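This report refers to the structure that appears directly beneath it.
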Amino acid sequence: MFSLNTRAIYVLASLLALWVIVPIFLIATLAFSDRSSVFAWPKGIFPQHFSLQTIGFFFGVEGVGRAIRNSLVVASLTLLFSVLLGAPAGYALARYRFAGADVYRVLILMTRAFPLAILAIPLAVQFIHLGLYDTPLGVALVHTALALPFAVLVTSSLFLGIPKELEEVAWTLGCNRVQAFVKVVLPLALPGLAATAIFAFVISWNEVFAATLLTLRERTLPAFLLGALNDSPLPFRFAGGFLLIVPALIFIFSVRRYLFTLWGIANR
Amino acid sequence: MSGIRVENIEKLFGKAKVLTGVSLEIRDQEFVVLLGPSGCGKTTLLRIIAGLEYADKGQVWIGDREVSTLPPRSRKIAMVFQNYAIFPHLTVLENIAFGLRMQKASAERVKAQVDRAATLMHIENLLQRYPAQLSGGQRQRVAVGRALAVEPEVLLMDEPLSNLDALLRLEMRAELKRLLAESRTTTLYVTHDQVEAMSLADRIAVMNVGQLVQYDEPIRVYQEPTNTFVGGFIGSPPMNFLRLRVEGGQARIESLMLSLPTSPPGQEVLLGVRPEDLEAYSQQQPQSFPAEVRVVEPLGPHLLLTLTYEQQSLKATVPPDFNISPGQTLWLKPQPGRLCWLDPTSGQALSR
Ligand SMILES: Nc1ncnc2c1ncn2[C@@H]1O[C@H](COP(=O)(O)OP(=O)(O)OP(=O)(O)O)[C@@H](O)[C@H]1O
Ligand SMILES: [Mg+2]
């Protein structure tokens with residue numbers, strides 16, 4: 001028997017879930033419906049006429065292809081930079097006690113406390129000087145700065161969960177440090193590293209502020225949509241919205257198992 | 001071949017001095033057991049020899065090479081860790097083969113060595129399993145097998161049998177002893193278990209709070225402890241220590257006068273005697289002293305008695321059919337050749 005309390009919690013949880021799921025559901029179904037159901041009111045609960053008309057229309061709009069390509073490039077670069085820079089830093093935090101380790105840990109989080117809005121103008125000016133303005137690389141660098149704190153903290157708790165003795169045994173059995181890392185630590189850390197990578201990808205994919213400020217023609221998808229949203233028809237909005245949430249959804253589903261690690265609760 | 005020599009090792013963790021000048025020489029092919037209470041620095045010393053920890057002072061030699069600054073992989077050692085540290089992402093087979101694969105051993109050699117190690121550790125039927133599917137004792141055996149498979153010149157083992165049940169441990173102990181004698185591997189073996197230490201060791205190194213207190217053959221460590229710590233730590237029940245008066249260069253218990261190897265510095269002397277070296281009689285005997293029985297514990301092979309002599313408590317063992325109950329007085333006759341004499345103030349043995 002459920003007590004009243006448990007029941008209340010379940011009701012609240014269900015409401016919360018609905019609040020999140022209903023919009024996603026509507027966007028997804030309408031992105032795959034025909035034109036008439038997009039404009040229909042009231043809308044049915046279930047998709048009535050499956051069709052690729054809406055999505056097709058969206059891809060046909062000029063600039064969309066380019067924006068998606070830019071987004072892919074920017075997000076992939078962000079993923080690469082975040083893992084390549086974040087994992088070693090996380091490893092160092094996990095394995096070595098060095099002066100200022102705790103300060104370093106806090107500093108990493110502090111970077112998130114800097115509002116991007118303040119940084120944006122100087123950043124844009126600098127980027128113009130450096131020739132990075134309006135390039136995918138420039139946006140990727142800013143996105144890396146956003147994703148890096150997570151990458152560092154998540155990988156550090158990931159590496160903390162892998163006992164140091166495993167590496168030490170490998171050393172005594174003939175490995176140098178790099179070999180021990182590759183043969184022992186990496187296989188054990190791989191699922192968590194993959195989760196970190198996808199997380200960085202999603203952060204970049206959904207980021208709109210920096211992408212809007214730092215680009216003019218080489219817009220990423222969110223920046224492009226933001227610019228085009230007000231004067232575009234409903235089908236365009238639904239299809240665009242759908243494309244924005246897809247990576248995040250894939251991410252959540254693929255890393256459910258590692259979410260606890262991601263939240264920093266290492267398994268020991 | 002390869003002996004081990006450590007000289008004046010000092011190790012600090014932060015401000016805490018964990019090893020305070022340990023020197024130890026292990027001859028080639030010798031089996032030395034490192035014995036000491038928890039936290040005395042056994043693991044730390046082992047890790048320094050393995051190169052996993054650097055000493056703040058002192059040197060480590062393996063064979064005729066000074067290895068103090070070499071990384072673990074260049075020291076030609078294998079180590080069994082106290083917490084096993086077997087690779088969770090590899091099967092038992094690949095765990096055992098790991099060191100051989102690093103040496104780029106041929107497929108035949110890998111197979112032969114893995115089979116040999118697995119048979120020895122009784123894990124041949126577990127080779128395809130992953131560590132998560134093993135019990136603690138099985139994991140421990142994989143860890144030992146992994147170290148044996150590389151046929152190191154020097155084997156360092158940190159309580160490798162601690163997690164096995166009594167029977168299996170007895171069996172493994174005997175097999176390890178046979179194998180290591182056969183393969184002539186120089187071995188340093190850490191244990192808490194003094195029976196294991198006595199049974200395996202060519203020599204026992206007894207440690208206490210970061211220092212080596214005695215290093216000798218098992219029987220000498222047992223019979224001639226250098227101080228009260230060793231006598232009390234080794235043997236179950238531990239050695240009895242009785243404080244006696246010195247009269248005319250001899251120690252006195254009641255009417256019994258015992259001669260001393262050298263004259264002690266003070267008016268009193270400490271007699272160290274093992275429980276089994278006190279013969280008990282219910283009637284007065286020559287060369288004996290009376291003690292009152294307090295507790296009688298039947299342990300199977302013998303009865304363990306707790307007695308008091310002049311408010312000093314002592315233990316003795318008697319045959320299981322010995323008819324005795326608390327409150328009675330027994331006459332104890334110390335075996336003349338088996339007595340140790342120590343200085344009661346410093347706790348150190350009197351020089352012989
Ligand atoms: N990495 C470390 N940092 C700080 N102190 C440590 C560290 N490793 C060990 N110590 C301390 O050093 C002392 C010796 O530890 P060590 O592990 O060598 O003991 P041990 O003799 O192996 O004990 P046990 O029999 O319980 O395994 C202990 O007091 C321990 O707390
Ligand atoms: Mg230890």
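What you see below is based on every heavy atom in this structure, not just the backbone, and it leaves out hydrogens, waters and symmetry mates. Keep in mind it's a predicted model, so treat the numbers as computed, not measured. Residue numbering restarts at 1 for every chain, and letters A, B, ... go by the order of the sequence lines.
- In this structure, B:Ala85 and A:Glu165 approach most closely via the heavy-atom pair CB-CB, 3.7 Å.
- The distance from atom CZ of B:Arg73 to atom SG of A:Cys175, rounded to the nearest 0.5 Å, is 9.0 Å.
- Of the listed residues B:Leu156, B:Ile77, B:Asn83, the one with more heavy-atom pairs under 4.5 angstrom with chain A than any other is B:Asn83.
- When each of A:Leu188, A:Ile162, A:Val184 is paired with B:Pro88, the side-chain contact (heavy atoms from CB on, under 4.5 Å) condition holds for A:Leu188 and for no other.
- At a 4.5 Å heavy-atom cutoff, the contact between B:Arg47 and chain A is made by side-chain atoms alone.
- Side-chain contact between B:Phe87 and A:Val169 is present, with at least one heavy-atom pair separated by less than 4.5 Å.
- Of the two parts of B:Ile86, only the backbone, made up of N, CA, C and O, holds a non-hydrogen atom closer than 4.5 Å to a non-hydrogen atom of chain A.
- Residue contact with chain A, scored on non-hydrogen atoms closer than 4.5 Å, involves the side chain of B:Phe81 exclusively.
- Within the 4.5 angstrom heavy-atom criterion, no atom of A:Ala180 approaches chain B.
- Rounded to the nearest 0.5 Å, atoms CZ (B:Arg146) and CG (A:Leu173) are 6.0 Å apart.
- In this structure, the portion of A:Gln179 lying under 4.5 Å from any heavy atom of chain B is its side chain and not its backbone.
- Formation of a donor-acceptor pair under 3.5 Å by the B:His89 side chain with backbone atoms of A:Lys183 is found in this model.
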